Q: 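Sending over a structure as structure tokens; questions will come in a sec.
A quick note: this is a predicted structure, and the numbers were derived from the prediction, not measured.
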Amino acid sequence: MSVADSPAFRFVLTMGIVNLFADITYEGGASINGPFLASLGASAAAVSIIAGAGEFFGYSLRSVAGYIADKTGRHWAITFLGYSINLAGCMPSTRRWMKPARHWAPLLIALVLFLRSGDSFRLGYGVLLGSSLLALAALVAARIIFPVPSRLEQGGPATAQERGFTRTYWLYMIGAAFFAAGLMSFELLSYHLASSNTVTAQWG
């Protein structure tokens with residue numbers, strides 16, 4: 001049996017499709033959130049705190065969710081909950097900067113901002129609802145086709161055995177922490193580009 005015929009490969013591919021549509025909505029957030037918040041009167045400090053806190057909680061909760069999933073065995077339930085929370089921001093309804101939507105695709109929104117004037121930020125957020133629904137639809141398909149992913153490799157070659165956290169792991173984590181500490185969120189960069197009128201909204 002070839003790799004492409006492996007149930008495990010098909011499962012990874014299906015989840016890759018889920019992440020494709022999720023990333024369209026998630027990674028695009030940084031391209032519009034800064035200018036959008038600027039248009040609502042938010043300060044640079046507020047944009048930094050909102051963006052940083054969102055990233056911090058998003059990443060820190062992964063280990064908690066993984067622990068709970070392993071202890072309870074409810075992997076699919078927690079997966080659906082996580083994606084639903086992640087993508088729920090695709091339905092913005094507020095004009096107040098204290099409740100920003102976080103996740104959108106930059107190129108599609110850039111096109112919307114280019115073609116439309118007026119309240120094009122909100123229209124851009126609404127357009128990205130489609131990719132959110134596609135991500136959830138792909139996740140439902142994965143749940144139906146692969147109800148118990150842990151059984152996909154039964155009878156196959158043995159996989160790597162758990163050995164705990166090695167020295168290499170901790171060195172990698174320290175390096176990654178220093179790297180992340182030096183990053184500046186694009187929300188803040190795009191905020192300054194928009195508020196200083198350095199570029200127009202669709203190029204920010």
Q: For a 4.5 angstrom cut-off between non-hydrogen side-chain atoms, does L139 reach W76?
A: yes
Q: Mind checking ring pair (Phe, Tyr, Trp, His ring centres under 6.0 Å) for F80 and listing every partner two or more places apart, or none if nothing turns up?
A: none
Q: Mind checking what makes side chain to side chain contact (heavy atoms under 4.5 Å, CB included) contact with R74, not counting sequence neighbours?
A: T72, A77
Q: Which heavy atom of A142 sits nearest a heavy atom of T14, and at what distance?
A: CB-CG2, 3.6 Å
Q: Got a sec, which residues hit side chain to side chain contact (heavy atoms under 4.5 Å, CB included) with A69, two or more places apart in sequence or on another chain?
A: H75, I78
Q: V18 and L20: same hydrophobic cluster, using ILVMFWY side-chain contacts below 4.5 Å?
A: no
Q: Look up atom CD1 in I50 and atom OG in S43, then write down how far apart they are to the nearest 0.5 Å.
A: 8.0 Å
Q: Can you list everything that forms a side-chain hydrogen bond (donor to acceptor under 3.5 Å, both in side chains) with D70? Sequence neighbours excluded, please.
A: none
Q: I'd like to check the side chain to side chain contact (heavy atoms under 4.5 Å, CB included) partners of V64; sequence neighbours left out, ordered by chain and number.
A: I68
Q: What are the two closest heavy atoms between A42 and A46, and how far apart are they?
A: CB-CB, 4.3 Å
Q: Checking L81 now: which residues fulfil side chain to side chain contact (heavy atoms under 4.5 Å, CB included) with it, not counting sequence neighbours?
A: I85
Q: With a 4.5 Å heavy-atom cut-off, do Y83 and S132 have their side chains touching?
A: no
Q: Under the ring pair (Phe, Tyr, Trp, His ring centres under 6.0 Å) rule, collect the residues that match up with F146, sequence neighbours excluded.
A: F11
Q: Hey, any chance F178 and Y172 share a hydrophobic cluster, counting ILVMFWY side chains that come within less than 4.5 Å of each other, even indirectly?
A: no
Q: Kindly give the cluster partners of F57, where membership spreads through any ILVMFWY side chain lying under 4.5 Å from a current member.
A: F56
